[in-house]
2 protein chains.
Amino acid sequence: MNAADVALICKALGDSNRLQIVEMLSTGEKCACKMIDKFEITQPTLSHHMKILRECELVDVRKEGKWMHYSLNCETLSAFRDYINKLACDESRKGGCGC
Amino acid sequence: MNAADVALICKALGDSNRLQIVEMLSTGEKCACKMIDKFEITQPTLSHHMKILRECELVDVRKEGKWMHYSLNCETLSAFRDYINKLACDESRKGGCGC
DNA sequence: TTTATATATTGACGTTTAGCTATATGTATT
DNA sequence: AATACATATAGCTAAACGTCAATATATAAA
């Protein structure tokens, strides 16, 4: 996963509603019809958010009759986590004596 | 760290330039005057990006004379990582028999 | 005290975004 | 075939965003 992919995922997670959607999906696959109840947004807006989450491949869809079931894409989530976890933070490298 | 904080950090990392800045800082503290050379943006734009990264507390500043030294905020980065790492992805919970 | 340098702020701009309403599409039921 | 329901798309609007040029602020050097 390269920086552009990561930026895209971050942009997707940068919206509070979408972050909450991802959290909700983190507890397992959900039908759009159930998800809509939890948010104060209209159906088209939810659909729009799901499209963005699918486009960055953070979310998968499974169609069952007229229902859409969304779930987290484990592979993408895992690659994203790896990338974030590699961002090192070395306190000792800060300059200045501080003494 | 709550969802709003995480969304703010993600929004900050959702811009390619800012993500690259964070990557650069991941190798240690940097002076703004050095950072500007690595990007094709003007000085005011860099300053603007740094302000956003500071506002979500992902980045710290240290002033030394007329130079500003930026570094990652270990505490925030760590809390952010924890949050992302808690996002579970359980492939088995997806519905459908698939068999 | 003047000049040079590093950074921040202001104000303007074109673009992107989240949200809505209205409508279209697809699927199941009657 | 007609109806009902779930979801997607289109088109719009207001707000937010990334960028820049111009200018202000702060510090160091001459």
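It should be emphasised that the depicted structure is a prediction, and the values quoted were computed from it without experimental measurement. Naming: A, B, ... by sequence-line order, numbering from 1 per chain.
With contacts defined as side-chain heavy-atom distances shorter than 4.5 Å, the pair Leu13(A)/Phe80(A) qualifies. Side chains of Met50(A) and Met35(A) form a contact here, defined as non-hydrogen atoms less than 4.5 Å apart. Side-chain contact between Leu8(B) and Glu55(B) is absent, with no heavy-atom pair separated by less than 4.5 Å. Annotation: side chain of Asn73(B) is not in contact with side chain of Val59(B) (no heavy-atom distance under 4.5 Å).
Comparing His69(A) and Lys11(B), the nucleotide of DNA chain D nearest to each residue sits closer to the 5' end for His69(A). Residues Glu40(A) and Lys51(B) both approach DNA chain C. Their nearest nucleotides, taken by heavy-atom distance, put Lys51(B) toward the 5′ side.
Residue Lys34(A) is out of contact with every strand shown, counting any heavy-atom pair closer than 4.0 Å. Ile52(A) comes within 4.0 angstrom of the backbone, heavy atoms only, and of no base.
When rounded to the nearest whole Å, the span between NZ of Lys66(B) and C1' of dA24(D) equals 16 Å. Put simply, NE2 on His49(B) is 14 Å from C1' on dA16(D), counting in whole angstrom units. Rounded to an integer number of Å, the gap from CD1 of Ile41(B) to P of dC20(D) is 7 Å. Going from atom CD of Glu64(A) over to atom C1' of dA6(D) covers 13 Å, rounded to whole Å. In this entry the distance linking NZ of Lys63(B) with C1' of dT27(D) reads 8 Å, nearest Å. Atom CZ of Phe39(A) and atom C1' of dT7(D) are 17 Å apart (whole Å). When rounded to the nearest whole Å, the span between NE2 of His48(A) and C1' of dA10(D) equals 12 Å. Going from atom CG of Asn17(B) over to atom C1' of dG18(D) covers 9 Å, rounded to whole Å.
Reading DNA chain C from its 5' end, the first and the last nucleotide to sit under 4.0 Å from a heavy atom of chain A are dT17(C) to dA28(C).
For the pair Thr45(B) and dC20(D), the criterion of a side-chain N or O lying under 4.0 Å from OP1 or OP2 is met. For the OP1/OP2 pair of dT7(D) and a distance below 4.0 Å, the side-chain nitrogens and oxygens of Ser47(A) include no atom meeting the criterion.
Panel note: side chain Lys30(B), backbone Gly28(B); a donor-acceptor pair is recorded below 3.5 Å. Judged by distance alone, the side chain of Arg81(A) and the main-chain N or O of Leu87(B) form a donor-acceptor pair under 3.5 Å.
Contact detail for Lys11(B) and Arg18(B): the closest heavy-atom pair is O-NH2, 3.4 Å.
No hydrogens or angles were tested; on distance alone, nothing pairs the side chain of Gln43(A) with the base of dA6(D) as donor and acceptor under 3.5 Å.
Taking only side-chain atoms of Trp67(A), from C-beta outward, the nucleotide of dG18(D), dA21(D), dA6(D) with the closest atom is dA6(D). Among dT7(D), dA10(D), dC20(D), the nucleotide with an atom closest to any side-chain atom of Pro44(A) is dA10(D).
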